[in-house]
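Values reported hereafter were calculated over all heavy atoms of this structure, with side chains retained and with hydrogens, waters and symmetry mates removed. Note that ligands are numbered from 1 as they come in the structure, with each ligand's atoms numbered from 1 the same way. Not measured: the values here are computed from a predicted model.
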Amino acid sequence: MGFQVWQKGLCVLCFSLIFICGVIGEETTIVKIEENPVAQTDENYVCATLDLWPPTKCNYGNCPWGKSSFLNLDLNNNIIRNAVKEFAPLKLRFGGTLQDRLVYQTSRDEPCDSTFYNNTNLILDFSHACLSLDRWDEINQFILETGSEAVFGLNALRGKTVEIKGIIKDGQYLGETTTAVGEWDYSNSKFLIEYSVKKGYKHIRGWTLGNELGGRTLFIGVSPEDCANDAKKLHELVKEIYQDQGTMPLIIAPGAIFDLEWYTEFIDRSPELHVATHHMYNLGSGGDDALKDVLLTASFFDEETKSMFEGLQKIVDRPGTKAVAWIGEAGGAFNSGQDGISNTFINGFWYLNMLGYSALLDTKTFCRQTLTGGNYGLLQTGTYIPNPDYYSALLWHRLMGSKVLKTEIVGTKNVYIYAHCAKKSNGITILVLNHDGESSVKISLDPSKYGSKREEYHLTPVNNNLQSRLVKLNGELLHLDPSGVIPALNPVEKDNSKQLEVAPYSFMFVHLPGPTKFSACEKPAGK
Ligand SMILES: Cc1cc(=O)oc2cc(O[C@@H]3O[C@H](C(=O)O)[C@@H](O)[C@H](O)[C@H]3O)ccc12
């Protein structure tokens with residue numbers, strides 16, 4: 001037995017009842033890690049989004065977007081640049097609801113107003129806005145200078161007619177459906193792609209089509225057949241435009257909420273698709289008062305969430321399907337997240353679990369809504385000071401390699417453990433999330449399996465306040481230096497002859513540099 005977890009609470013109970021129960025209550029929880037990887041992520045699995053919401057976007061009386069839209073974000077801000085460079089390359093997905101209301105300037109003489117105006121009489125409640133060529137150049141400069149990769153969301157509603165129909169069943173009015181029908185007018189997108197190739201923007205890793213237009217309908221429904229035809233058109237365009245470029249970016253669609261029937265038909269009709277992407281908001285609404293409980297009890301791992309991941313994995317795993325699965329956008333709570341939750345330590349119970357779980361189900365990339373903007377930004381809106389999840393994302397990126405190892409815990413429900421081959425050594429990295437507020441988790445690591453040493457990265461909230469925006473690493477507050485430099489994330493080295501202890505309500509990355517028994521994690525010499 002290489003790996004064991006003791007629940008302190010149970011042992012305390014046992015000691016206090018020792019004369020009655022003897023050793024019967026001294027329950028040992030066993031954790032097993034399979035030696036052979038069960039899935040593989042992209043090397044840069046951690047991705048973040050930049051959305052388009054204007055400062056006037058509000059939910060529940062809270063307007064958390066400021067100037068975080070990629071149309072007006074200060075791309076020269078030192079903190080943002082430093083935060084992004086730490087990942088180089090960070091995959092950045094540009095898009096969101098309003099991407100299907102965005103037009104691209106085709107000549108510098110053309111008027112181009114970059115403001116989305118609120119108007120509830122219009123589709124998606126906002127006017128159109130324009131992405132100027134100058135701004136597109138600035139965005140590409142930013143991507144290049146920060147060593148990032150871009151995935152850009154194209155407007156898939158252009159040219160389509162939006163129809164609103166009443167639903168009547170058995171003579172009863174049940175509400176309305178909004179669908180977009182007709183052919184996609186790709187001319188404006190074609191221009192942007194051609195322009196990008198002419199300018200030599202090689203860091204564009206993928207072009208994605210539409211935001212939440214298919215799948216489980218939220219606002220506007222598009223049939224799987226129409227969506228597949230549009231994706232096919234995009235593929236043809238990209239192939240033609242990039243024919244002399246050597247590499248071709250990925251074609252990514254539909255960026256919707258998963259629905260088994262819809263996705264099955266869409267993927268069946270899209271043999272050329274590279275990435276089938278879906279969005280997930282499995283904490284519920286940003287206006288929900290019960291989010292704290294949902295996070296601590298991990299009840300976001302409900303049947304619906306699991307069936308979405310498993311459903312898509314099954315579809316893409318079928319022989320003959322080329323597409324792989326990505327989470328193209330996940331912010332926890334929809335409608336901009338929740339202040340005091342999405343931007344605080346407690347949100348890590350969702351974010352780190354989702355990074356772990358999605359990887360296990362062979363998701364190649366996980367895009368966090370957002371890099372900045374809304375309440376769920378990795379960086380605070382306006383100040384760009386990193387929220388606790390920023391540091392979790394960075395530790396994941398640095399420590400968790402692409403090969404995913406399956407873990408199994410027997411005997412406890414309050415601890416979640418994920419394991420990957422290590423990013424930079426022949427060993428492995430494990431991530432332990434202790435959802436128990438009373439008890440530490442104690443783990444023994446058998447040196448004959450896990451090597452003699454380990455490096456611990458223990459994340460705890462400041463003042464034990466789960467809703468703190470400040471986080472400590474190994475007991476030291478993480479903060480920017482006065483010039484906006486991201487702090488070093490240094491581990492504490494420990495001997496594996498001593499037990500590992502993960503405090504109540506905390507997270508720990510543990511790097512086991514080896515030598516370990518995980519031969520699949522050994523890197524070729526020189527890597
Ligand atoms: C009602 C709803 C349910 C759901 O599961 O997802 C979802 C997503 C929505 O839009 C996307 O999510 C973000 C958000 O609501 O916070 C937006 O900022 C983003 O641009 C959208 O892509 C809306 C509603 C729902």
Distance-only donor-acceptor check, side chains His128 and Asp113, under 3.5 Å: no
With sequence neighbours excluded, residues passing side chain to side chain donor-acceptor pair (under 3.5 Å) with Asn72: none
Any pair counted as salt bridge (charged side-chain N to carboxylate O under 4.0 Å, His left out), so long as it reaches residues 289-301, sequence neighbours left out: none
Set of side chain to side chain contact (heavy atoms under 4.5 Å, CB included) partners for Asp125, sequence neighbours left out: Thr120
Ring centroid separation Tyr416 to His435 under 6.0 Å: yes
Neighbouring protein residues of ligand 1 - any heavy atom closer than 4.0 Å: Asp51, Trp53, Trp65, Gly96, Thr97, Asn211, Glu212, Arg216, Leu218, Phe219, Ile257, Tyr281, Glu329, Phe334, Asn335, Ser336, Gln369, Tyr376
Phe266 and Tyr263 aromatic ring geometry - parallel, tilted or perpendicular at 30°/60° bounds: perpendicular
